[in-house]
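Worksheet for the structure shown next.
This chain uses plain numbering: 1 for the first residue, then up along the sequence. Every heavy atom of this structure was used, including side-chain atoms; hydrogens, water molecules and symmetry mates were not.
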Amino acid sequence: MRLSDFWRLMDDEFGAGYSRTLASSLVLAEVGGVTAEDALNRGTPPRAVWLAICNMQDVPPERRLGKDLPPKDH
């Protein structure tokens, strides 16, 4: 997962404003007891951070892959 995908999933699930607040304030035990921002800055893979947030916030499995995106025109 790319970092841009992480932020898209965060914005889709929590809203653009709240996703940034959540990333900077929610401490995630699964990634070392730091915030999502700190974990990402330390080099933790975005997928691991996303899944830790999902677990902490009880995001249902069916929403962990994000919204279906329409195909891009070539």
Side-chain angles (χ1 to χ4, degrees):
M1 170 187 291
R2 295 177 301 205
L3 189 57
S4 59
D5 295 327
F6 170 83
W7 287 114
R8 179 183 52 78
L9 290 169
M10 287 287 288
D11 290 349
D12 285 351
E13 182 63 31
F14 303 108
Y18 185 60
S19 67
R20 301 311 192 263
T21 300
L22 194 63
S24 67
S25 62
L26 182 65
V27 175
L28 304 165
E30 288 183 40
V31 292
V34 297
T35 66
E37 280 184 353
D38 290 339
L40 293 168
N41 288 335
R42 291 179 180 185
T44 306
R47 179 171 175 75
V49 178
W50 169 244
L51 292 175
I53 290 171
C54 288
N55 291 336
M56 213 42 197
Q57 295 298 109
D58 295 323
V59 175
E62 63 271 13
R63 291 203 322 248
R64 293 184 181 201
L65 296 178
K67 296 178 181 175
D68 288 335
L69 299 175
K72 294 181 181 179
D73 290 334
H74 293 285

Arg63 meets the salt bridge (charged side-chain N to carboxylate O under 4.0 Å, His left out) criterion, sequence neighbours left out, with Glu13

### Message
Donor-acceptor check, side chain of Arg64 to backbone of Leu51, threshold 3.5 angstrom: yes or no?
### Response
no

Sorted by chain and number, sequence neighbours left out, side-chain contact (heavy atoms from CB on, under 4.5 Å) with Ile53 holds for Phe6, Met10, Phe14, Leu22, Leu28, Ala36, Val49, Gln57

- Hydrophobic cluster identity match, Leu9 and Leu3, side-chain contacts under 4.5 Å: yes

Sorted by chain and number, sequence neighbours left out, side-chain contact (heavy atoms from CB on, under 4.5 Å) with Pro61 holds for none

Contacts satisfying side chain to side chain donor-acceptor pair (under 3.5 Å) that involve residues 34-54 (not counting sequence neighbours) are Thr35-Asp38

Residues passing the salt bridge (charged side-chain N to carboxylate O under 4.0 Å, His left out) test with Arg20, sequence neighbours excluded, are Asp11

### Query
Going hydrophobic residue to hydrophobic residue with side-chain gaps under 4.5 angstrom, can you get from Met56 over to Met1?
yes

Contacts of Thr21 meeting side-chain contact (heavy atoms from CB on, under 4.5 Å) (sequence neighbours excluded), chain-then-number -> Tyr18, Ser25

